[in-house]
Q: 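Got a structure for you, written out below as structure tokens; questions coming shortly.
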Amino acid sequence: MKATSIFGGVQVFQIIIGIIRSKFIAVLLGPQGMGIAGLLQSTTGLIAGLTNFGLATSAVKDISAAHSTANALRISIVVTVFRRLVWITGLLGAIITLVFSPWLSQFAFGSKEYTYAFILVSVTLLFDQINAGQGVLLRGMRQISYMAKAGMIGSILGLFTTLPLYYFYGMKGIVPAIIITSVTSLMISWYFAQKLSIKPIYVSKARTIAEGKGMLKLGFMISLSGLITIAASYIVRIYISHKGGVDQVGLYNAGFAIINTYVGLVFTAMGSDYYPRLSAVSKSNTESRNIINQQAEIALLILAPIIMIFLVFINWVVILLYSNQFVAVNDMILYAALGMFFKAASWAVAFIFLAKGASKLFFWNELITNIYLLALNIAGYYFWGLAGLGISFLIAYILYLVQVFLVARIKYDFSFTPAFYKIFVPQLAFALAAFLVVKLLGSPYSYSIGLLLILISAWLSFKELDKRLDMKGIFNSIKSRF
């Protein structure tokens, strides 16, 4: 919870910056501009998923394990090997994007008009991989404050360096903005990573191969699963682009940015500390089960009131974050918001596969998930348009929760505690009630009843958090200081 509060505070700050940025981009570029930026970034993201070997996730385990030994020599060896792998994989991604830029433009946009754009942004694959590498070092060595500062500074610089480009150059500023954001993020993470007390050391080629084999083996499976996820999402964007146009891609990106960024901030905040902590006790099924349940409970307690607010005030949220041009995504977000309850629970459980080092199991689990997610997304958009994508998100995460629960139960004797169900069932019931109120009743009735449901959800969350964290004592302590 301490790590969540730190990163949660950073995430809230970043969200405020993100709201300002998104508002300006929505007004200055509109859905079409957001669609172009989304296709450029999702295409390079696909290449990155193909070439980064999942090092940003797999290496956390190795660096965290080395850090726990407090052996300076061991830490230096692992970090040196990891940094070499980061440079190699980053260069690989940049070169592939550069070489295949005409074909990438043709595939993503239906013409070679954006070839030059892909050539320019190819360098960001190297920058982003090095940046991710610095983040892994900070995360693996549990430097929470450095990670928080890097995130906050990066958000501010990203805002003040990109908005002038959109303002003065419009859509022509998209590519420079992507590059500048990548460069500034790298500079900031590099600065904080240099503060770590890691002594430079010579590591032979043979030792590099021997040490890097474990990172690459787990990372390769993570990379494959991540690539499948990215590819599935990318195919959906291409399908939407060809069937509905670039504007529809922009709306789709905007809708899921709200869900994954503003609602999903809890996952980002928690994940920074959760994975290393779960990895540390992964040999014990009992301890792993306890930590997973604790994480799932805290995630739901924090998420539930946030989701309720988005459900009840979705129209105002979309207009505030973007503009009236984006209200077409309202129904999509409503269904997807319900799916976040199931995502919260499944997210906490799925980390056990990584913590246990079960790379093949993790891969097959993600492959199966993305196959039915892709099928559901295409079917959803075909029959119901943007709203269908929200419905497919909801159905997919219900299936995914059942899937990861059964696998974890069979392999690692996992089970949810009664305390988890005591939180999950009532909060989901209130969310369903809010959903129905919004869909069936018009304003002002939906707002008045919805607000009552939000207050009840928040009260239940506070009550359960107080049992675990003594929230009243924390508030009284803060009050006494003033």
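Heavy-atom basis, side chains included; hydrogens, waters and symmetry copies ignored. Note that the structure is a prediction, hence the values are computed from the model and not measured.
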Q: In chain order, what residues pass the side-chain contact (heavy atoms from CB on, under 4.5 Å) check against I423, with sequence neighbours excluded?
A: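 For I423 the side-chain contact (heavy atoms from CB on, under 4.5 Å) partners, ignoring immediate neighbours, are E297, L300, L301, Q427, E464, R468.
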Q: Who passes ring pair (Phe, Tyr, Trp, His ring centres under 6.0 Å) against F420, sequence neighbours left out?
A: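 With neighbours one apart ignored, the set is F416, F424.
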Q: To the closest 0.5 Å, what do you measure between OG (S282) and CD1 (I352)?
A: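 Going from the OG atom of S282 to the CD1 atom of I352 covers 7.0 Å.
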Q: Could you walk me through whether F82 and V86 pass side chain to side chain contact (heavy atoms under 4.5 Å, CB included), step by step?
A: CA-CA 6 Å; F82 169 65; V86 163; 3.5 Å; yes
Q: Roughly how far apart are F414 CZ and L406 CG, rounded to 0.5 Å?
A: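 The distance works out to 11.5 Å.
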Q: Under the rule for ring pair (Phe, Tyr, Trp, His ring centres under 6.0 Å), what residues qualify as partners of F107, not counting sequence neighbours?
A: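 By the ring pair (Phe, Tyr, Trp, His ring centres under 6.0 Å) rule, F107 matches Y234.
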Q: Examine distances only and state if a side-chain atom of N253 and a backbone atom of G35 form a donor-acceptor pair shorter than 3.5 Å.
A: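 Judged by distance alone, no pair lies under 3.5 Å.
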Q: Would you say the ring centers of F127 and W190 fall short of 6.0 Å from each other?
A: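 When the ring centroids of F127 and W190 are compared, they turn out to be at least 6.0 Å apart.
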Q: List the steps and the verdict of side chain to side chain donor-acceptor pair (under 3.5 Å) for K360 and N365.
A: CA-CA 8 Å; K360 290 183 179 179; N365 180 68; over 6 Å; no
Q: With side chains defined as the heavy atoms from C-beta onward, is the minimum distance between L386 and Y381 less than 4.5 Å?
A: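 Answer yes - side chains close enough.
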Q: Would F256 and Y252 count as a ring-ring contact (aromatic ring centres under 6.0 Å, His included) if you check the C-alpha gap in whole Å, the side-chain angles of each, and the deciding distance to 0.1 Å?
A: CA-CA 6 Å; F256 275 101; Y252 168 78; 5.1 Å; yes
Q: Do F435 and F430 touch side chain to side chain, with heavy atoms closer than 4.5 Å?
A: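 When only atoms from C-beta onward are counted, F430 and F435 do not touch, as no gap falls below 4.5 Å.
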Q: Tell me if a side-chain donor or acceptor on S105 pairs with a main-chain N or O of S101 at a distance below 3.5 Å.
A: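 No, S105 side chain to S101 backbone: no donor-acceptor pair under 3.5 Å.
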Q: Taking the side chain as every heavy atom from C-beta outward, state whether V404 and F353 have any pair of such atoms under 4.5 Å apart.
A: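 In short, these two side chains touch, coming nearer than 4.5 Å.
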Q: Are the ring centres of Y400 and Y372 closer than 6.0 Å?
A: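 Judged by ring-centre distance (under 6.0 Å), Y400 and Y372 do not meet the cut-off.
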Q: Between R237 and S233, is a side chain to side chain donor-acceptor pair (under 3.5 Å) present by the stated rule, with each step listed?
A: CA-CA 6 Å; R237 283 179 170 85; S233 177; 2.3 Å; yes
Q: Is there a side chain to side chain contact (heavy atoms under 4.5 Å, CB included) between S182 and N131 once you walk through the steps?
A: CA-CA 8 Å; S182 179; N131 178 41; over 6 Å; no
Q: Can you tell if the side chain of L278 reaches within under 4.5 Å of the side chain of S288, non-hydrogen atoms only?
A: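 Yes, at least one pair of side-chain atoms sits under 4.5 Å.
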Q: Using 30° and 60° as the class limits, which term best fits the ring planes of W347 and Y274: parallel, tilted or perpendicular?
A: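 Because their plane-to-plane angle lies in the 30° to 60° range, the rings of W347 and Y274 count as tilted.
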Q: Nearest 0.5 Å, please: how far is CD1 in I454 from CZ in F310?
A: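 Separation between the atoms: 11.0 Å.
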Q: Given side chains that start at C-beta, do those of L465 and I298 come closer than 4.5 Å, heavy atoms only?
A: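 In short, these two side chains touch, coming nearer than 4.5 Å.
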Q: Drop me the distance from D331's CG to I391's CD1, to the nearest 0.5 angstrom.
A: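 The CD1 atom of I391 is 8.5 Å from CG of D331, to the nearest 0.5 Å.
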Q: Could you check N330 against I314 for side chain to side chain contact (heavy atoms under 4.5 Å, CB included), going step by step and ending with a plain yes or no?
A: CA-CA 6 Å; N330 285 8; I314 185 59; 4.2 Å; yes
Q: Mind checking ring pair (Phe, Tyr, Trp, His ring centres under 6.0 Å) for F341 and listing every partner two or more places apart, or none if nothing turns up?
A: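 For F341 there are no ring pair (Phe, Tyr, Trp, His ring centres under 6.0 Å) partners, ignoring immediate neighbours.
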Q: L432: which residues meet the side-chain contact (heavy atoms from CB on, under 4.5 Å) condition with it, sequence neighbours left out?
A: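 So L432 forms a side-chain contact (heavy atoms from CB on, under 4.5 Å) with L338, L428.
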Q: Show your reasoning for whether side chain to side chain contact (heavy atoms under 4.5 Å, CB included) applies to Q403 and V349.
A: CA-CA 10 Å; Q403 178 181 307; V349 178; over 6 Å; no
Q: State, yes or no, whether a side-chain contact exists between I302 and S461 at a heavy-atom distance under 4.5 Å.
A: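 A side-chain contact is absent here, since even the closest heavy-atom pair is not under 4.5 Å.
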Q: Return the minimal non-hydrogen interatomic distance between L401 and A345, and the atom names on each side.
A: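 Closest approach of L401 to A345: CD1-CB, 3.7 Å.
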Q: Quick check for you: to the nearest 0.5 Å, what is the distance between Q295 atom CD and I291 atom CD1?
A: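 CD1 of I291 is found 8.5 Å from CD of Q295.
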Q: I want to know whether Y239 and Y382 have ring centres closer than 6.0 Å.
A: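 Ring-ring flag for Y239/Y382: false, centres at least 6.0 Å apart.
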Q: Could you tell me the separation between the CG atom of L126 and the OG1 atom of T97, rounded to the nearest 0.5 Å?
A: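 Atom-to-atom, L126:CG and T97:OG1 are 11.0 Å apart.
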Q: Kindly state each residue pair satisfying salt bridge (Lys or Arg N to Asp or Glu O under 4.0 Å) with at least one member in residues 401-423, sequence neighbours excluded.
A: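 Of all non-adjacent pairs touching residues 401-423, those that pass salt bridge (Lys or Arg N to Asp or Glu O under 4.0 Å) are R289-D413.
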Q: Using modelled atom types and a 3.5 Å cut-off, is there a donor and acceptor pairing between side-chain atoms of N370 and backbone atoms of E366?
A: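 Such a contact is found between N370 side chain and E366 backbone.
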Q: Would you say F100 has more than 12 foreign heavy atoms packed within less than 6.0 Å of its CZ?
A: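 For F100, atom CZ is not crowded (no more than 12 foreign heavy atoms under 6.0 Å).
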Q: State, with a plain yes or no, whether a side-chain heavy atom of L376 is found less than 4.5 Å away from one of F393.
A: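 Not touching, per the 4.5 Å side-chain cut-off.
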Q: Any side-chain heavy atom of F362 within less than 4.5 Å of one from L367?
A: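 A side-chain contact under 4.5 Å is absent here.
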